[in-house]
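The chain is numbered in sequence order, starting from 1.
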Amino acid sequence: MEVGQLQRSFVEYMASLFREGFLDAQFSQLQQLQDDSNPDFVVEVVSLFFEDSERLLNDLTMALDQPNVDFKQVDAHVHQLKGSSSSVGAQRVKNCCVPFRNCCEEQNTEACLRCLQQIKQEYLLVKNKLQTLFELEQQIVAAGGAIPMVQ
């Protein structure tokens with residue numbers, strides 16, 4: 001694929017991620033912090049988000065699997081996941097955390113488990129979408145092009 005076509009694909013794909021609510025303005029803010037002195041900034045920050053999220057999702061799974069669920073601990077993990085997803089602009093993951101925290105407040109294990117499944121699903125979706133985005137970026141650079149800035 002030629003550079004111009006890859007760049008158009010990138011711009012269209014980015015627009016779809018915002019339009020479909022996977023990403024919000026915070027992701028654009030991250031992109032603006034990336035420059036020639038730190039060309040992998042966004043990939044590095046998002047990779048940390050992936051690591052952090054997977055740890056938190058595992059912690060949540062284990063915490064909700066206990067016979068006596070510690071809802072304060074579950075809520076602390078959800079709060080952390082909300083902050084982490086908010087910091088990278090993973091809007092749909094962040095939005096799933098609000099009802100999850102309400103279920104913790106109500107100490108409703110079944111509802112918490114449903115929320116956990118929804119968050120896991122949204123997390124996997126955004127992870128796959130961002131990995132595809134980064135692969136497109138790599139293809140553009142490998143073809144000798146520059147990554148288009150998307151507003």
S.K.: Side chains of Glu122 and Gln91, heavy atoms from C-beta outward: is any pair under 4.5 Å?
M.R.: no
S.K.: What's the spacing between Glu44 CD and Leu30 CG if we round to 0.5 Å?
M.R.: 11.5 Å
S.K.: What closest approach, in Å, do Cys112 and Leu64 show between heavy atoms, and which atom pair accounts for it?
M.R.: CB-CD2, 3.7 Å
S.K.: For Val88, is there any backbone N or O sitting under 3.5 Å from a side-chain donor or acceptor partner on Gln26?
M.R.: no
S.K.: Going by salt bridge (charged side-chain N to carboxylate O under 4.0 Å, His left out), name the residues that satisfy it together with Glu105, two or more places apart in sequence or in a different chain.
M.R.: none
S.K.: If you measure from OG on Ser9 to CG on Leu133, what distance do you get to the nearest 0.5 Å?
M.R.: 11.5 Å
S.K.: Between Leu136 and Val141, is there shared hydrophobic-cluster membership here, with clusters defined by ILVMFWY side-chain heavy atoms closer than 4.5 Å?
M.R.: yes
S.K.: If you look at every heavy atom in Leu130 and Val46, which pair is closest and at what distance?
M.R.: CD1-CG1, 3.8 Å
S.K.: Given side chains that start at C-beta, do those of Asn58 and Arg55 come closer than 4.5 Å, heavy atoms only?
M.R.: no
S.K.: Rounded to the nearest 0.5 Å, what's the gap from CD1 on Ile119 to SG on Cys97? Could you check?
M.R.: 4.0 Å
S.K.: Find the distance between CG (Asn128) and OH (Tyr123) and round it off to the nearest 0.5 Å.
M.R.: 9.0 Å
S.K.: So, Asn108 side chain and Ala111 main chain: donor-acceptor pair closer than 3.5 Å or not?
M.R.: yes
S.K.: Examine Leu125 and Tyr13 and state if one hydrophobic cluster contains both, with Ile, Leu, Val, Met, Phe, Trp and Tyr joined whenever side-chain heavy atoms are less than 4.5 Å apart.
M.R.: yes
S.K.: Any side-chain heavy-atom pair from Phe71 and Thr109 closer than 4.5 angstrom?
M.R.: yes
S.K.: Is there a side-chain contact between Phe27 and Leu17, using heavy atoms and a 4.5 Å cut-off?
M.R.: no
S.K.: Measure the NE2-CZ distance between His77 and Arg101 for me, rounded to the nearest 0.5 Å.
M.R.: 12.5 Å
S.K.: Check whether Leu6 and Val43 end up in the same hydrophobic cluster, where Ile, Leu, Val, Met, Phe, Trp and Tyr are linked by side-chain heavy atoms less than 4.5 Å apart.
M.R.: yes
S.K.: Could you list the residues that satisfy salt bridge (charged side-chain N to carboxylate O under 4.0 Å, His left out) with Lys94, not counting sequence neighbours?
M.R.: Asp24
S.K.: Provide the closest heavy-atom pair for Val93 versus Ser85 in the form atom of the first, atom of the second, distance.
M.R.: CG1-CB, 3.7 Å
S.K.: Out of curiosity, Leu23 CG to Lys129 NZ, how far, rounded to the nearest 0.5 Å?
M.R.: 10.0 Å
S.K.: Does Lys72 pair with Asp75 as a salt bridge, N-O distance under 4.0 Å?
M.R.: no
S.K.: Evaluate the criterion side chain to side chain contact (heavy atoms under 4.5 Å, CB included) for residue pair Asp40 and Gln34; output intermediate values, then yes/no.
M.R.: CA-CA 7 Å; Asp40 296 326; Gln34 183 167 294; 5.8 Å; no
S.K.: Mind checking salt bridge (charged side-chain N to carboxylate O under 4.0 Å, His left out) for Glu20 and listing every partner two or more places apart, or none if nothing turns up?
M.R.: none
S.K.: Does the pair Glu2/Arg8 count as a salt bridge with the N-to-O cut at 4.0 Å?
M.R.: yes
S.K.: Run the numbers on Met14 and Gln31 for side chain to side chain contact (heavy atoms under 4.5 Å, CB included), then give the verdict.
M.R.: CA-CA 12 Å; Met14 275 290 285; Gln31 288 181 306; 3.4 Å; yes
S.K.: Linking I/L/V/M/F/W/Y whenever any side-chain heavy atoms sit under 4.5 Å apart, do Leu124 and Leu116 land together?
M.R.: yes
S.K.: Does any part of the side chain of Phe100, heavy atoms only, come nearer than 4.5 Å to the side chain of Val74, both counted from C-beta?
M.R.: yes
S.K.: I'd like to know if the side chain of Gln66 reaches the main chain of Met62, judged simply by a donor and an acceptor atom lying under 3.5 Å from each other, with no hydrogens or angles considered.
M.R.: yes
S.K.: Should Ser28 and Phe18 count as side-chain neighbours, where that means a heavy-atom distance under 4.5 Å?
M.R.: yes
S.K.: Before you tell me yes or no, could you show the steps for Val126 and Arg92 under side chain to side chain contact (heavy atoms under 4.5 Å, CB included), namely the whole-Å CA-CA distance, both residues' side-chain angles and the distance that decides it to 0.1 Å?
M.R.: CA-CA 8 Å; Val126 79; Arg92 285 171 46 166; over 6 Å; no
S.K.: Is it the case that Lys120 and Thr61 place a side-chain donor and acceptor less than 3.5 Å from each other?
M.R.: yes
S.K.: Please tell me if the side chains of Val98 and Lys82 come closer than 4.5 Å, counting only heavy atoms from C-beta onward.
M.R.: yes
S.K.: Considering all heavy atoms of both residues, which atom of Gly145 and which atom of Val3 are nearest to each other, and what is their separation?
M.R.: CA-CG1, 3.6 Å
S.K.: Looking at Ser84, is its backbone amide N or carbonyl O close enough to the side chain of Ser87 to form a donor-acceptor pair, meaning the two atoms are under 3.5 Å apart?
M.R.: yes
S.K.: Measure across Gln7 and Ala146 and return the closest heavy-atom pair with its distance rounded to 0.1 Å.
M.R.: NE2-O, 2.7 Å
S.K.: I want to check something: taking the side chain as every heavy atom from C-beta on, are Val69 and Gln107 in contact at a cut-off of under 4.5 Å?
M.R.: no
